[in-house]
Amino acid sequence: MDFIIEAVVKAIKELYQTDIAAKDINLQETRKEFEGQVTLVTFPYTKLSRKGPEQTGTEIGEYLQNNVPEISAFNVIKGFLNISFADSFWLGKLHDEILADDFAVGKPNGKKVMVEYSSPNTNKPLHLGHIRNNLLGFSVAQILAAAGYEVIKTNLVNDRGIHICKSMLAWREFGEGETPESSGLKGDHLAGKYYVWFDKAYKQQILELVEEGQTEEEAKKNAPLIKEAQLMLQKWEAGDEDTINLWKTMNGWVYAGFAETYKTLGVEFDKYYYESNTYLLGKDIIEEGLEKGVFFRKDDGSVWIDLTADGLDQKLVLRADGTSVYITQDLGTAQLKYGDYKMDESIYVVGNEQDYHFKVLFLILQKLGKEWARGLYHLSYGMVDLPSGKMKSREGTVVDADDLMADMFNTAAETTEAMGKVDGFSEEDKNKLYRTIGMGALKYFLLKVDPKKRLLFDPKESIDFQGHTGPYIQFTHARIKSVLKKAGYNPTESKSETTELDELERELIVTLNKYPQTISDAAASFSPAIIANYIYDLAKIYTRFYHEKPIMLAEEENQKQFRLQLSAASAKVISKGMNLLGIDVPERM
RNA sequence: GGUCUCAUAGCUCAGCUGGAUAGAGCAACAGAUUUCUAAUCUGUCGGUCACAGGUUCGAAUCCUGUUGAGAUCACCA
């Protein structure tokens, strides 16, 4: 629509002898109740024209109609100039752009972006919160790729630390050699089981010590189990063979479990980083910061940065004993990642509970003079809450990722079978379909909401399959495919001489035409929700068209072919858009 | 207490850098299938955009304050 903006610039220059910048021109979609497709708000130009908004609109409208051949009509209502494009213009869009193979295929923009997401702890299985993270990360990566970026998907695995030692210790003490094979438990769930055991036993010990007269704080430090875990961590850091072997074994189980969950989720990574390899990084950056005077050392030897001038606090960056804290590692890892890929931008998909951490992290890197720090972005998403509040593993309110997905598949199977929709499907096809629909419902449910907002999930109310949902969109797609098949639609041979559009057809083309811009918008704000809502809009408009314009019963072949072309274009955009969300669309359902 | 986020229909959410009468879905109610898949469609009901000021020709959107909810402020990660 750039040519309209240019034309408006010219119009204003000629009519009112004033230069205005193209970016200051505000075009918007015409509301449905008015004639036209694009609207220019004329209030801002009344000062230039020294006339009322209606007259200004009429003058600009007349100029545009006389000078822009694509414009067929205009009308002015109050301060709104509604512009209509000729049907030939929209038909040209359909045939030359939308139906072309390379529609909305982003041209490489020469930029490299890293998307870090998932980043699990290896001491317990994934839950619903992780699902949101994984789906967001994967989808944002897809969207950026579609927008022309070269994308590197990374996973920084938190595979060491006191929490890992807890499950290791519990397994060694109470596990009796249990393995995933012997127990039939998925590896990550097995590790999680011992993590919970540890927590329980530890709590018990604290309770006992408190009864013996210690304060709770003392008890937490003195409980034999936590001391044992800390000892284990020290041994791990010292490279003790038994400890390392145990760690490798249990982490191996967890990785196998995660791999399965990732596969079901449909997410993947180009590069894994492990904290066991990176936790010592960052100390050289501390040195660098001390030399540059960005950091300072306190008497006890600990190193700090003073961010009070930036409205933040003083922040510890290295402990008095010379060991790293979380941010030390992150400083080092950021440097490592940049060294590996030299990416222009780097997106951290991490929950908003870490807003402060990332603010500090990025600020420190900037203060250290790292040019690339300007490309860092924290994609801060809201927590997934239950009606009862936060998910808490201790209270057993965690919605387990594997359980939830299994539930979704079952619900999809029941619903589909109850509707008798799978006649003629093989067992294999049925199962594939149930998974497609189940995951479609789950993914759409999580991705349609603005990432920044917290998200409410009620386990008692299963995720809908009707209305504004993934399955609705999948159904729309399947329906189109079914008609195309029945009609024997052939994209290369299909011809239509249609020259006039009715309102619904025009609206459909206008909506299809918005797809490339929607990708740009979604990429600019890292928001799959923008794609999700767009596709729903498209599916809804298509469905209305579908109901009102019978394709097979079209009065003439020309008309039928045109409707088929519109249908094919809609199916294509639905499918591509859903793909950006990581959601498959079935041919039949 | 400091800092940061959020508040739109009974519920879950849209509403792009300020623009026309604030939109969907669910729920409720009334309809639509001799016709391409009814996981669908059409219609009805439902709003003091938390509250109060301000800026503006114009505010759900920007600013200030109030109330409410959440997060964070560890030599945890």
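All values below were derived from every heavy atom in this structure, side-chain atoms included, with hydrogens, water molecules and symmetry-related copies excluded. As the structure is a computational prediction, the values presented were derived from the model and not from experiment. Just so it is clear: chains get the letters A, B, ... in the order the sequence lines come, proteins before strands, and each one is counted from 1.
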Quiz item: Can you tell me if the side-chain N/O atoms of Arg479(A) get under 4.0 Å from OP1 or OP2 in rA38(B)?
Solution: yes
Practice problem: Give none if rC41(B) has no partner; otherwise give the nucleotide forming a Watson-Crick or G-U wobble pair with it, both distances under 3.5 Å. | Solution: rG31(B)
Quiz item: Where the side chain of Tyr472(A) is concerned, which of rG25(B), rU40(B), rU37(B) is the nearest nucleotide?
Solution: rU40(B)
Quiz item: Could a donor-acceptor pair under 3.5 angstrom be found where the side chain of Asn82(A) meets the base of rA20(B)?
Solution: yes
Exercise. Specify the separation, in whole Å, of atom CZ of Phe475(A) and atom C1' of rA39(B).
Key: 6 Å
Exercise. In whole angstrom, give the distance that lies between atom CD1 of Ile327(A) and atom C1' of rU72(B).
Key: 13 Å
Quiz item: Could you state the interatomic distance from OH (Tyr542(A)) to NE2 (His477(A)), rounded to the nearest 0.5 Å?
Solution: 10.5 Å
Practice problem: Ignoring backbone atoms, test whether Arg563(A) places a side-chain nitrogen or oxygen under 4.0 Å from the OP1 or OP2 oxygen of rC36(B). | Solution: no
Quiz item: Quick one: is Lys220(A) getting a side-chain N or O under 4.0 Å of the rC76(B) phosphate, OP1 or OP2?
Solution: no
Practice problem: Tell me what Ser380(A) touches on the nucleic acid: a base, only sugar-phosphate, or nothing, going by heavy atoms under 4.0 Å. | Solution: nothing
Quiz item: With a non-hydrogen cut-off below 4.0 angstrom, is Glu275(A) in contact with a base, only sugar-phosphate, or nothing?
Solution: sugar-phosphate
Quiz item: Just checking Pro44(A): base, sugar-phosphate only, or nothing, at a heavy-atom cut-off of under 4.0 Å?
Solution: base
Quiz item: Does any N or O in the side chain of Tyr16(A) come within less than 3.5 Å of the main-chain N or O of Thr46(A), such that one atom is a donor and the other an acceptor?
Solution: no
Quiz item: Distance check: side-chain N/O of Lys421(A) vs OP1/OP2 of rA39(B), anything under 4.0 Å?
Solution: yes
Quiz item: Given atom CZ of Phe43(A) and atom P of rG58(B), what is their separation to the nearest angstrom?
Solution: 10 Å
Quiz item: Checking all strands, does Met383(A) fall into the base, sugar-phosphate, or nothing category for heavy-atom contacts under 4.0 angstrom?
Solution: nothing
Exercise. Can you see which heavy atom on Gln329(A) is nearest to which on Ser324(A), and at what distance?
Key: CG-CB, 4.4 Å
Quiz item: Using a distance-only test with no angle check, is there a side-chain donor-acceptor pair under 3.5 angstrom linking Asn123(A) and Ser167(A)?
Solution: no
Exercise. Let me know the distance between CZ of Arg544(A) and P of rU42(B), rounded to the nearest Å.
Key: 7 Å
Exercise. Check whether any side-chain heavy atom of Tyr356(A) lies under 4.5 Å from a side-chain heavy atom of Val360(A), and answer yes or no.
Key: yes
Self-check item: Complement of rA24(B), any strand, by Watson-Crick or G-U distances under 3.5 angstrom
Solution: rU12(B)
Self-check item: Note, Arg160(A) side chain near Tyr274(A) side chain (heavy atom, < 4.5 Å)
Solution: no
Practice problem: Can you check whether any acceptor in the base of rA39(B) is under 3.5 Å from a donor in the side chain of Thr476(A), or vice versa? | Solution: no
Practice problem: Have a look at Val325(A) and say if it touches a base, only the backbone sugar-phosphate, or nothing, with a 4.0 Å heavy-atom cut-off. | Solution: sugar-phosphate
Self-check item: Listed nucleotide nearest any side-chain atom of Gln354(A), set rA77(B), rC36(B), rG19(B)
Solution: rA77(B)
Self-check item: From Asn158(A), Asp159(A), Asn251(A), residue fulfilling side chain to side chain donor-acceptor pair (under 3.5 Å) relative to Thr122(A)
Solution: Asn251(A)
Practice problem: Using ring pair (Phe, Tyr, Trp, His ring centres under 6.0 Å) as the criterion, list what pairs up with His357(A), not counting sequence neighbours. | Solution: Tyr326(A)
Exercise. Scan Thr543(A) against the nucleic acid and name what it touches under 4.0 Å (heavy atoms): base, sugar-phosphate only, or nothing.
Key: sugar-phosphate
Quiz item: Reckon Lys485(A) touches a base, only the sugar-phosphate, or nothing at all at heavy-atom distances under 4.0 Å?
Solution: nothing
Quiz item: Should Thr415(A) be listed as having a side-chain N or O under 4.0 Å from OP1 or OP2 of rA39(B)?
Solution: no
Quiz item: Just by protein heavy atoms under 4.0 Å, how would nucleotides 1-16 of chain B read 5' to 3' in B, S and -?
Solution: ---S--S----SSS--
Quiz item: Would Phe80(A) pass as stacked on rA20(B), i.e. its ring centre under 5.5 Å from the base's six-membered ring centre and planes under 30° apart?
Solution: yes
Practice problem: Find the distance Gln466(A):CD to rU37(B):P and express it as a whole number of Å. | Solution: 19 Å
Quiz item: Once you round it to whole Å, what is the distance between P of rG19(B) and CG of Leu40(A)?
Solution: 14 Å
Quiz prompt | Interatomic distance, Leu433(A) CG vs rA39(B) C1' [rounded to whole Å] | solution = 11 Å
Quiz item: Less than 3.5 Å between a donor and an acceptor, one on the side chain of Thr416(A) and one on the base of rA39(B), is that the case here?
Solution: yes
Quiz item: Which part of the nucleic acid, if any, lies within contact of Thr39(A), taking any heavy atom under 4.0 Å across all strands shown: a base, the sugar-phosphate backbone alone, or nothing?
Solution: base
Exercise. Tell me the partner of rG1(B), counting only Watson-Crick (N1-N3 plus N6-O4 or O6-N4) or G-U wobble (N1-O2 and O6-N3) with both under 3.5 Å; none if nothing fits.
Key: rC73(B)
Quiz prompt | Audit row: Tyr536(A), Tyr472(A), ring-ring contact (aromatic ring centres under 6.0 Å, His included) steps and yes/no | solution = CA-CA 8 Å; Tyr536(A) 174 66; Tyr472(A) 171 90; 5.6 Å; yes
Practice problem: Report yes or no: is the cationic atom of Arg132(A) (NZ for Lys, CZ for Arg) closer than 6.0 Å to the six-membered ring centre of Tyr381(A), at no more than 45° off its axis? | Solution: no
Practice problem: Nearest whole angstrom, please: distance from the C1' of rU37(B) to the CD1 of Ile551(A). | Solution: 12 Å
Quiz prompt | Under-4.0 Å side-chain N/O to phosphate OP1/OP2 contact, Arg31(A) with rA22(B) | solution = no
